[in-house]
Protein chains: 2
Amino acid sequence: MPERRDSIRRDSRAGQPPTLRDVAERAEVSAMTASRVLRDDPRVLPATRDRVRAAAAALGYRPNVVARSLRLGRGTGLVGLVVTNLANPFYSRLALGVDSVVAADGLKTVIGNTGQDLDGERDLVADLVARRVDGIIAVPAGSDQRHLAAAASEGVPVVLASRPPDGFDADCVLVDDFGGARDATARLLSRGHRRVGFLGSPPAVYTGTERLRGYTAALADAGLPADTRLVSQGQTEPAEAERAAARLLALPDPPTALFCSNNRNTIGAFRAIRATGTDTALAGFDDFELADALGLPLTLVAYDSDELGRTAGRLLVERIRERRGGCAAPAGGEKADDGPVAPMPPRRVVAPTGLVEYGP
Amino acid sequence: MPERRDSIRRDSRAGQPPTLRDVAERAEVSAMTASRVLRDDPRVLPATRDRVRAAAAALGYRPNVVARSLRLGRGTGLVGLVVTNLANPFYSRLALGVDSVVAADGLKTVIGNTGQDLDGERDLVADLVARRVDGIIAVPAGSDQRHLAAAASEGVPVVLASRPPDGFDADCVLVDDFGGARDATARLLSRGHRRVGFLGSPPAVYTGTERLRGYTAALADAGLPADTRLVSQGQTEPAEAERAAARLLALPDPPTALFCSNNRNTIGAFRAIRATGTDTALAGFDDFELADALGLPLTLVAYDSDELGRTAGRLLVERIRERRGGCAAPAGGEKADDGPVAPMPPRRVVAPTGLVEYGP
DNA sequence: CTGTTAGCGCTTTCAA
DNA sequence: TTGAAAGCGCTAACAG
């Protein structure tokens, strides 16, 4: 009694989007044939195909990719991107780079903005896994990466950006934090500065500590001692950085130059210097828009954050392809041949940095 | 012969994430019971519940939300956000605002960056619909909105940001483009300027034309004619804007002031003014970071783009709730009572703007 | 070339 | 309290 069933369908589903069966009924074929037509399977009579196409168009049919991906057992065509602050141009450019690469593979990017909330980050990653994303690119906020390790161990490819994996294997794409910071600090020293202050993000952030190491190394290379009173870590936003810089500049024996570990701190330091009217020299990590327009000599460690994102995207896409290929071994075949195909070893790409000078 | 089936499962699914049935088998209960436990259904014996929980933990089980949403017929818990350029702080802040609101409802944001590509935008929207997102927030790049109209007509709630719907009904959240531009231009005129140039985005962009209207209205209010030679539309990036501004400044009778319809153009104009060394006055739409640091008097039309995003998110969430509620009428009930519940009429929220002055 | 059967992972309905 | 059956929308695998 299929007729009865059909009428039930029609009644209860009013307003719902049309399904493949609606199309099939209208074209008077089986769902299978409709499916074939809509996936451009050639093994369909042209006349039938046209009928199905017409029906689909008339109904405004859209294939349900959720159902499809469930059936195929493949991924969902989504990649998760986990960042702390999209409003920071570094992250938005990274996101753009990632999206441009994965989009070329038909993948969409789900952005999760955690806003420094570590618990939120854990939940977010868990949710992305539950959503069966095909892979995750993350810039973890803190030093605990167990949630990412868990995701990776469940078979979800994970790529870290701007931090190395800690406690598990994963691809990552890094910036030469140490070298960039050392070079920029050395540049300040080569201009005769002997008291150089440091402003940076919270110590838990990998890039922050690496850049602090680079700063310290440059001082050591010049035979200068590290003066902890000149080091201020923990500033996340320009306003905090401005206050911290003002404190350093108000010391009895203030620094004659400042090195900042990221663009948020550089901008804050710039404001503090301008406000106090000193001619403190300024250097920082991250190039940023209008850095050339500040009317101050400025040395910046520049790198391509779009490219960072693109590289992360490429690494992830390769892993996703690898997984697809790796699982394709048909049931009973000669699988003992080469086992489950040894996966690529974890890769680590380090993006180079360069110094940029902006004049007054 | 269920045993045989099980062994097949176990073999062929090696490496795949565990399913509810894997959990059920391990706990020696039916899939149904496992399902109930994992959704905290109280109608399960504590002992059984503990067994199931233990099995799930041991296996590292994660519910497959894709399968769940397919079964429930509800949405996927995703909202699509369609923008042209995430690297523009306006869009990244908008995205942040949207995400913060929808995340509170357990929804994730899928960002689609179209990069001004109109075809790409159409495909993207189609794909979001095929992915069965619960709703779409869009800042369309061009003037053609038929793809959004199609999505809306298929029952996907659509909210437009920063442009009104054209040719269909949808909620939208706008900025007071006309008023803001008129006020800023009037401010320039009140300082005695009589030749005010205009730099703006391509004419197809709604905000661009509205802001041009505001500029023109301010001129008319002051009894000044509109001089088309002082109007340059079509610049999307600062570099283009800089060239266009330079052209205006090189006219035999150059403008003494410039009004720019967005931050990209304002930044370009700033560079041109600084390069030519004139003391051209500058005003523009959009506040931006470091605008106070340019060493030039600057009048900006400011508004809260986070709040714009949050408002868009709120409007969308309300529509999504409405849809959920509206479809909840159980099969045969007293549905003739109030029909399909009249939907809210389309809403239009206009965010206010204010003028900000930055000094030299 | 077309249709039938079965099932992806989950949950609603109904029966035990 | 628990389970069996059915099916969300779609498609591989096999008929015919």
Side-chain angles (χ1 to χ4, degrees), chain A residues 2 5-6 8-9 12-13 16-25 27-52 56 59 61-77 130-132 327-328 330-331, chain B residues 2 5-6 8-9 12-13 16-25 27-52 56 59 61-77 129-132 327-328 330-332:
Chain A
R5 194 184 176 295
D6 291 351
I8 288 177
R9 265 182 83 75
S12 69
R13 291 181 35 82
Q16 295 290 90
T19 73
L20 188 60
R21 281 168 59 156
D22 297 325
V23 174
E25 275 170 30
E28 301 183 286
V29 294
S30 74
M32 210 37 242
T33 303
S35 170
R36 282 197 265 258
V37 170
L38 295 168
R39 272 174 306 134
D40 293 317
D41 187 319
R43 306 169 317 187
V44 180
L45 233 39
T48 320
R49 181 175 52 218
D50 294 345
R51 263 205 341 277
V52 173
L59 259 36
Y61 170 76
R62 308 279 209 163
N64 183 332
V65 307
V66 174
R68 163 151 45 209
S69 82
L70 180 62
R71 174 65 242 244
L72 296 184
R74 296 213 207 101
T76 51
R131 281 212 147 77
R132 297 298 192 268
C327 293
Chain B
R5 193 186 175 293
D6 291 350
I8 287 176
R9 266 182 83 75
S12 70
R13 289 180 38 80
Q16 296 289 94
T19 74
L20 188 59
R21 281 168 60 155
D22 296 325
V23 174
E25 275 169 29
E28 301 183 284
V29 294
S30 75
M32 223 16 259
T33 303
S35 170
R36 281 196 267 258
V37 170
L38 296 167
R39 272 174 306 133
D40 292 318
D41 187 319
R43 305 170 316 189
V44 181
L45 280 186
T48 320
R49 181 175 52 215
D50 294 345
R51 261 205 343 276
V52 172
L59 260 35
Y61 172 75
R62 308 280 209 159
N64 183 332
V65 305
V66 173
R68 167 162 29 219
S69 83
L70 178 62
R71 175 66 241 248
L72 296 185
R74 294 213 210 100
T76 50
V129 174
R131 280 211 148 77
R132 297 297 190 268
C327 292

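Numbers restart at 1 for each chain; the letters A, B, ... are given by sequence-line order, proteins then strands. The model shown is predicted, which means the values in this text are computed figures rather than measured ones.
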Please give, in whole Å, the distance from [N] [atom2] to [X] [atom1]?
X	N	atom1	atom2	answer
A:R74	D:dT11	CZ	P	10 Å
A:R131	C:dG9	CZ	P	18 Å
B:L59	C:dG9	CG	C1'	15 Å
B:R21	D:dA4	CZ	C1'	12 Å
A:L20	C:dG3	CG	P	12 Å
A:E25	C:dG3	CD	P	13 Å
A:L72	C:dG9	CG	C1'	14 Å

Just by distance, do the side chain of [X] and the backbone of [Y] share a donor-acceptor pair under 3.5 Å?
X	Y	answer
A:D22	A:T19	yes
B:R131	A:G77	yes
B:R51	B:A27	yes

At what distance, to the nearest 0.5 angstrom, does OG of B:S30 lie from CD of B:E25?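 Those atoms lie 11.5 Å apart.
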Rounded to the nearest 0.5 Å, how far apart are CZ of B:R62 and CZ of A:R132?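 Output value for this atom pair is 8.5 Å.
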Can you see if the side chain of [X] gets near the phosphate of [N] - specifically, an N or O under 4.0 Å from OP1 or OP2?
X	N	result
A:T19	D:dG9	no
A:T33	C:dG3	yes
B:S35	C:dT11	yes
A:T48	C:dC1	no

Determine the minimum heavy-atom distance between [X] and [Y], stating which atoms define it.
X	Y	answer
A:R21	A:A31	CG-CB, 4.1 Å
A:L38	A:A56	CD2-CB, 4.1 Å
A:A34	A:L20	CB-CD1, 3.8 Å
B:T76	B:S69	CG2-OG, 4.0 Å
A:V44	A:R49	CG1-N, 3.9 Å

Nucleic acid contacts - residues 61-69 of chain A versus DNA chain C, non-hydrogen atoms under 4.0 Å: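 By residue number: none to list.
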NA contact type, A:L70, heavy-atom cut-off 4.0 Å: base, sugar-phosphate, or nothing?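 It contacts base atoms.
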In plain terms, say whether B:R43 and B:D41 are close enough for a salt bridge, that is, a side-chain N and a carboxylate O under 4.0 Å apart. yes
If you find the nucleotide of DNA chain D closest to B:E28 and the one closest to B:R132, which residue's nucleotide is nearer the 5' end? B:E28
Find which nucleotide of DNA chain D each of A:M32 and B:V29 is nearest to by heavy atoms, and output the residue with the more 5' nucleotide. B:V29
Go through residues 36-45 of chain A and report each residue with a non-hydrogen atom lying under 4.0 Å from DNA chain D, sorted by number.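 Going residue by residue through residues 36-45 of chain A, the ones with a heavy atom under 4.0 Å of DNA chain D turn out to be A:R39.
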Closest to the B:R71 side chain, choosing from C:dG9, D:dT2, D:dT11: C:dG9
Axis-to-axis angle between the two ends of the helix from C:dC1-D:dG16 to C:dA16-D:dT1 (five base pairs per end, rounded to 10 degrees):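 The angle, to the nearest 10 degrees, is 50°.
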